[in-house]
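To find a chain, count down the sequence lines: A is the first, B the second, and so on, and within it residues start at 1. Computed from a predicted structure; not experimentally measured.
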Amino acid sequence: MACLKIHSGYEKGDLVIRGEFCDLCLECVEACPTGAITSENGSLSVDQESCSECGLSVDAWPYGIIHLSSSGKLLICDRCGGSPECVSWCPHEAIKKEGSAT
Amino acid sequence: MSYTGKVLRVNLDTGDVTKEPLNQDWAEKYFGGRGLGVKYLYEELKGGIAPLTPANKLILTTGPFTGTVVPCSGRLTFAAKSPATGTMLDCSIGGRFATQLKFAGYDVLIIEGQAENPACLVINDDKVEIRDATYLWGKGIFETESQLGEELGRESGILSIGPAGEKLVSIACIGSEYYRQAARGGIGAVMGSKKLKAIVCSGSKDVTVPDMPGLLKLVKRLIWEDVLTDTNLGIYTDGSPQIVDMSNSAGVLPTRNFQDGVFEGASKINAESIRRLKPRKKACPACPLGCGNYIRIGDNAVEGPEYETLALVGSNCGVDDIEAIIKFNAECDDVGIDTISVGNVVGFAMEMTERGIKDFGIRFGDIETYLKMPRLIGCQEGMGEELSRG
């Protein structure tokens, strides 16, 4: 699914670790010409029926966390419906969820 | 299990590349990368061959779970006949090569023969090429990696040897991701004897498991209940340097060529002194513990130093200067030799000199001469030539 992408490695011997994740910038919502991606209550959803597989939202977020699968399904970060799995999996609490509804 | 069921065999004599089925029976009976590699070696290698001849094989194996989220499953194992011991050798390395090999579609890579000219093996899924590497021959591991990373992509898994491996020094290592090594037994010399400077692998295939939701559930439980336990977390917080204090208090810390087991400078080379240098953590794929301590001091960077380096390069040479140890460590990583073996040899040369048995021109704690040793030994220059024989 890859809603989160971690780059970890050495560039000319220097350690570079970078995490790319959905910060709800909503660029994809704006880029989508058919209105298939919607944002509601801090999470994104896709109406696969309306998706025309144009790939514009994939390009709008160039870091590889929006994917068009080989079967044409648009895969986005839906924040796992409000309780992100990446946060609960990270063994050293490097990923935190911000702005949780109280 | 994440077996792809395929073995990639590359013959450097003929340039032939073949893909054959994995011996599934062996994979199950000799479970894990080490068992499988040793089984292939045992079955395929003729008895009595010399380790640094084309008849030796360099066998790289991944594990049964490599490429999945199973904790700590990302290591790569090497098997060959050792030029240091004359018998079977296996050693392993972290970094991303093993997962890339799996994503390229192979469980095992077997390298046979000897290239005519310096070569670089480039694997990109089904496309396997033996390229000329004359332009890289003679270069250190750091420069080799930087160059190959730029040419073939920094996300690739890269294994390479330095001048020590090229010169068939029997304590030469293979390096990957700059600061990680498969170091023991002279595996770098075996690669050098094949005139193979580097192996670069990138894969784009999926590793599939039969029951993904079930695996995720199991792995999540394992990570929190069995891997990230209080005892294991020492590997994350301090890593192996915590053993320095333990060894010293038990009286078994190699000191001045093993003449003593207690080092008066132990508190300057222990986990606490490394913590002061504020290392950054670097994990290998699928490892929740992440033992890598990335430390940069000026021009020198290392992942470590690990306990074995602190003990053999530090106390065993009578050196309690942590920055000097890091510099020595970085030199070894670049020239491509095993820090453990080098520390051992240098400590021996120091004692021989002090006892007046043979003058190697180096004494315990003589940091200036000591820092020249990795390059002298790795490149077989001056007194390093004799010492390079281990």
Side-chain angles (χ1 to χ4, degrees), chain A residues 1-22 43-46 48 53 55 57-59 61-97 100, chain B residues 69 71-72 95-96 100 140-147 149-150 153-158 175-180 206 212 216-217 219-220 222-224 227-229 232-233 235-237 279-290 292-296 299-303 330 333-334:
Chain A
M1 214 74 76
C3 305
L4 171 72
K5 198 168 183 182
I6 306 283
H7 301 268
S8 161
Y10 291 100
E11 292 182 8
K12 298 208 154 123
D14 285 321
L15 180 61
V16 179
I17 298 178
R18 209 167 51 234
E20 317 275 9
F21 53 91
C22 172
S43 93
L44 296 174
S45 57
V46 186
Q48 301 289 351
E53 300 171 32
S57 56
V58 178
D59 294 338
W61 222 94
Y63 303 112
I65 57 165
I66 301 180
H67 288 278
L68 204 51
S69 78
S70 49
S71 59
K73 195 173 173 198
L74 189 69
L75 305 169
I76 59 163
C77 173
D78 61 0
R79 300 202 153 198
C80 304
S83 58
E85 284 286 333
C86 56
V87 174
S88 69
W89 274 78
C90 177
H92 305 295
E93 296 171 0
I95 310 173
K96 289 194 181 69
K97 187 185 160 192
S100 322
Chain B
V69 290
C72 317
R96 64 165 75 92
Q100 289 297 325
I141 286 176
F142 298 163
E143 196 185 336
T144 302
E145 268 214 32
S146 293
Q147 203 147 340
E150 225 151 86
R154 287 197 196 105
E155 306 280 309
S156 319
I158 304 176
S176 189
E177 280 175 49
Y178 296 85
Y179 313 119
R180 287 190 177 258
D206 287 332
M212 191 62 179
L216 286 175
K217 209 173 144 197
V219 165
K220 199 165 184 184
L222 284 177
I223 288 180
W224 293 101
V227 183
L228 297 172
T229 58
N232 287 351
L233 271 172
I235 298 169
Y236 172 71
T237 49
R280 279 194 69 192
K281 302 309 294 184
K282 167 82 171 70
C284 296
C287 180
L289 285 169
N293 282 323
Y294 170 74
I295 296 174
R296 173 172 284 285
D299 289 341
N300 300 294
V302 290
E303 261 188 48
D333 293 355
D334 189 36

| field | salt bridge (Lys or Arg N to Asp or Glu O under 4.0 Å) against Asp14(A), all qualifying residues, sequence neighbours excluded | value | Arg296(B)
| field | Set of residues satisfying side-chain hydrogen bond (donor to acceptor under 3.5 Å, both in side chains) with respect to Lys73(A), sequence neighbours excluded | value |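 Listed in chain order: nothing, the list is empty.
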Atom group of [X] that falls short of 4.5 Å from chain A, counting heavy atoms:
X         : answer
Gln147(B) : neither
Glu150(B) : side chain
Leu289(B) : backbone

| task | Using a 4.5 Å cut-off on heavy atoms from C-beta on, say whether the side chain of Leu216(B) contacts that of Glu85(A). | result | no
| Looking at Glu177(B), Glu155(B), Lys282(B), which has the largest count of heavy-atom pairs under 4.5 Å with chain A? |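 Highest number of heavy-atom pairs under 4.5 Å: Lys282(B).
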| query | Which one of Cys90(A), Ser88(A), Gly13(A) has the most heavy-atom pairs closer than 4.5 Å to chain B? | reply |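 When all of Cys90(A), Ser88(A), Gly13(A) are compared, Gly13(A) has the most.
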| field | side-chain hydrogen bond (donor to acceptor under 3.5 Å, both in side chains) between Tyr178(B) and Ser146(B), worked out | value | CA-CA 9 Å; Tyr178(B) 296 85; Ser146(B) 293; 2.7 Å; yes
| query | What are the two closest heavy atoms between Ile66(A) and Ser57(A), and how far apart are they? | reply |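 That closest heavy-atom pairing would be CD1-O, 3.6 Å.
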